[in-house]
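Heads up: the structure comes next, in structure tokens.
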Amino acid sequence: MTPPERRLGRRILSSPAFQAIAARLLHGVLWFIYKTNRPVASSQDLAGIAKSDGPLIIALWHGQQSLVQFTRPENEKVASLVSRSVDAEINARVILLAGNEVVRGSGGREREAASRKGGAQALIALRNALRRGRHVVMIADISKGAPRQAGDGVVRLAKVSGRPIVPLALATSRYHVVDKAWDKMTINLPFGRRCLRIGAPIHVGPDASPDELEAARQKVTAELNRVTAAAYEAAEAGR
């Protein structure tokens with residue numbers, strides 16, 4: 001695209017009218033995909049763990065989150081962290097259409113970088129959402145960083161809020177992986193099977209040292225990788 005065409009495309013993408021229409025279409029497509037994938041017998045439910053251990057910090061991997069918004073326990077609200085970039089606006093609108101809340105911001109491994117991107121404000125907003133009884137959904141790995149490696153934002157939130165991190169993965173038996181995407185984004189397809197897998201809650205103490213935070217970060221990484229692999233195996237096997 002030439003620069004004028006690129007600028008026109010950006011204006012269209014940033015148009016509130018375009019974003020509203022695109023969000024409604026995308027929400028409808030995702031809902032259809034979710035409903036046409038039947039759960040396998042071993043698929044888990046968030047309701048039980050939410051009732052006993054909630055509010056929860058639900059940790060996901062980048063590229064694996066498109067259907068998770070439909071798994072929230074009935075009559076409960078979930079707040080999701082979404083980047084403040086224009087590119088993320090449609091995603092934020094889809095989350096709102098699903099009946100959830102949106103917290104805008106982003107972060108990373110370094111506190112200085114997180115502060116520049118609104119991470120400090122987002123951390124406070126997410127902590128406040130947890131205090132209001134909301135579950136929080138947070139992508140664990142860092143955009144454009146190392147995929148499938150948790151950043152420290154999720155463990156810092158657990159430290160300041162006192163709430164447990166729950167690694168979660170939702171897989172479908174039919175899907176397409178965008179190999180060129182840095183996060184190997186997965187596009188779920190309809191008419192298959194789905195499986196939700198939930199890891200054991202990970203707690204971080206309010207006085208956790210840097211070494212303890214690093215240990216918790218590594219545990220989140222390991223548990224998320226484990227439940228993601230288990231969810232795909234169960235969905236594909238149909239059990």
TODO: Not counting sequence neighbours, list each pair that qualifies as a ring pair (Phe, Tyr, Trp, His ring centres under 6.0 Å) and has a residue in residues 150-174.
DONE: none

Open item on the list: Show, in sequence, the C-alpha distance, side-chain angles and deciding distance for Asn100 and Arg72, and conclude whether the side-chain contact (heavy atoms from CB on, under 4.5 Å) test is met.
Closed with: CA-CA 9 Å; Asn100 298 312; Arg72 66 181 169 91; 2.8 Å; yes

Open item on the list: Assess the residue pair Asp45 and Leu196 against the criterion (side-chain contact (heavy atoms from CB on, under 4.5 Å)); give the C-alpha distance rounded to whole Å, side-chain angles, the decisive distance to 0.1 Å, and a yes or no.
Closed with: CA-CA 7 Å; Asp45 192 338; Leu196 180 72; 5.8 Å; no

Task: OG-CG distance between Ser80 and Leu60, expressed to the nearest 0.5 angstrom - done: 8.0 Å

Task: Test ring pair (Phe, Tyr, Trp, His ring centres under 6.0 Å) applied to Tyr232 - qualifying residues, sequence neighbours left out - done: Tyr175

Open item on the list: If I compare all heavy atoms of Val102 with all of Ile95, which pair ends up nearest, and what's the gap?
Closed with: CG2-CG2, 3.7 Å

Task: Residue of the set Leu213, Thr221, Val220 for which side chain to side chain contact (heavy atoms under 4.5 Å, CB included) holds with Arg217 - done: Thr221

Open item on the list: Using a strict threshold of under 4.0 Å (side-chain N to carboxylate O), is an ion pair present between Lys219 and Glu223?
Closed with: no

Task: Nearest non-hydrogen partners of Ser66 and Leu30, listed with the distance - done: O-CD1, 3.7 Å

- [ ] Apply side chain to side chain donor-acceptor pair (under 3.5 Å) to the pair Ser42 and Arg197, showing each step before the final yes or no.
- [x] CA-CA 8 Å; Ser42 65; Arg197 284 296 172 91; 2.8 Å; yes

Task: Co-membership, hydrophobic cluster, residues Leu189 and Val177, 4.5 Å side-chain - done: no

Task: N/O donor-acceptor pair under 3.5 Å between Arg38 side chain and Arg194 backbone - done: no

Please tabulate, for the side chains in residues 165-174, all donor-acceptor contacts under 3.5 angstrom to protein atoms that are two or more places apart in sequence or on a different chain.
residue : atom : partner : partner atom : Å
Thr172  : OG1  : Arg174  : O            : 3.0
Thr172  : OG1  : Asn188  : ND2          : 2.9
Ser173  : OG   : Arg193  : N            : 2.8
Arg174  : NH1  : Pro190  : O            : 2.4

Task: same_hphob_cluster(Leu97, Trp31) at 4.5 Å side-chain heavy-atom cutoff - done: no

- [ ] Kindly say whether Glu214 contributes a backbone atom to a donor-acceptor pair with the side chain of Asp152 at under 3.5 angstrom?
- [x] no

TODO: Return the set of residues passing side chain to side chain contact (heavy atoms under 4.5 Å, CB included) with Glu212 (not counting sequence neighbours), or none when no residue passes.
DONE: Ala208, Ser209

Open item on the list: Using side-chain heavy atoms (C-beta onward) and a distance below 4.5 Å, is Met185 in contact with His176?
Closed with: no

TODO: Locate the shortest heavy-atom distance separating Ala235 from Val40; write the atom from each residue and the value.
DONE: CA-CG1, 4.2 Å

TODO: Determine, step by step, whether Val136 and Ile58 satisfy the side-chain contact (heavy atoms from CB on, under 4.5 Å) criterion, reporting the C-alpha distance in whole Å, the side-chain angles of both residues, the deciding distance to 0.1 Å, and the verdict.
DONE: CA-CA 6 Å; Val136 161; Ile58 301 167; over 6 Å; no

TODO: State, to 0.1 Å, how close Ala98 and Phe70 come at their nearest heavy-atom pair, and which atoms those are.
DONE: CB-CE2, 4.4 Å

TODO: Just do the side-chain contact (heavy atoms from CB on, under 4.5 Å) check on Gln65 and Ile139 with the steps written out, would you?
DONE: CA-CA 8 Å; Gln65 72 271 26; Ile139 304 300; 3.9 Å; yes

Open item on the list: Is it the case that over 12 heavy atoms from other parts of the model lie below 6.0 angstrom from the NZ atom of Lys184?
Closed with: yes

Task: Contact summary for His62 and Asp141, nearest pair of heavy atoms - done: N-OD1, 2.8 Å

Task: Main-chain N/O of Leu224 paired with Thr228 side-chain donor or acceptor, under 3.5 Å - done: yes

Open item on the list: When you compare the side chains of Asn225 and Arg148, does any donor N or O come within less than 3.5 Å of an acceptor on the partner?
Closed with: no

Task: Pairs where residues 19-30 contributes a residue and the test side chain to side chain donor-acceptor pair (under 3.5 Å) is met, not counting sequence neighbours - done: none

Task: Nearest non-hydrogen partners of Val103 and Ala79, listed with the distance - done: CG2-CB, 4.4 Å

Open item on the list: Can you list everything that forms a salt bridge (charged side-chain N to carboxylate O under 4.0 Å, His left out) with Arg132? Sequence neighbours excluded, please.
Closed with: Glu101

Task: Residue that, paired with Leu126, satisfies side chain to side chain contact (heavy atoms under 4.5 Å, CB included) out of Val160, Val154, Leu81 - done: Leu81

TODO: Enter the distance from Leu123:CG to Ser161:OG here, rounded to the nearest 0.5 Å.
DONE: 8.5 Å

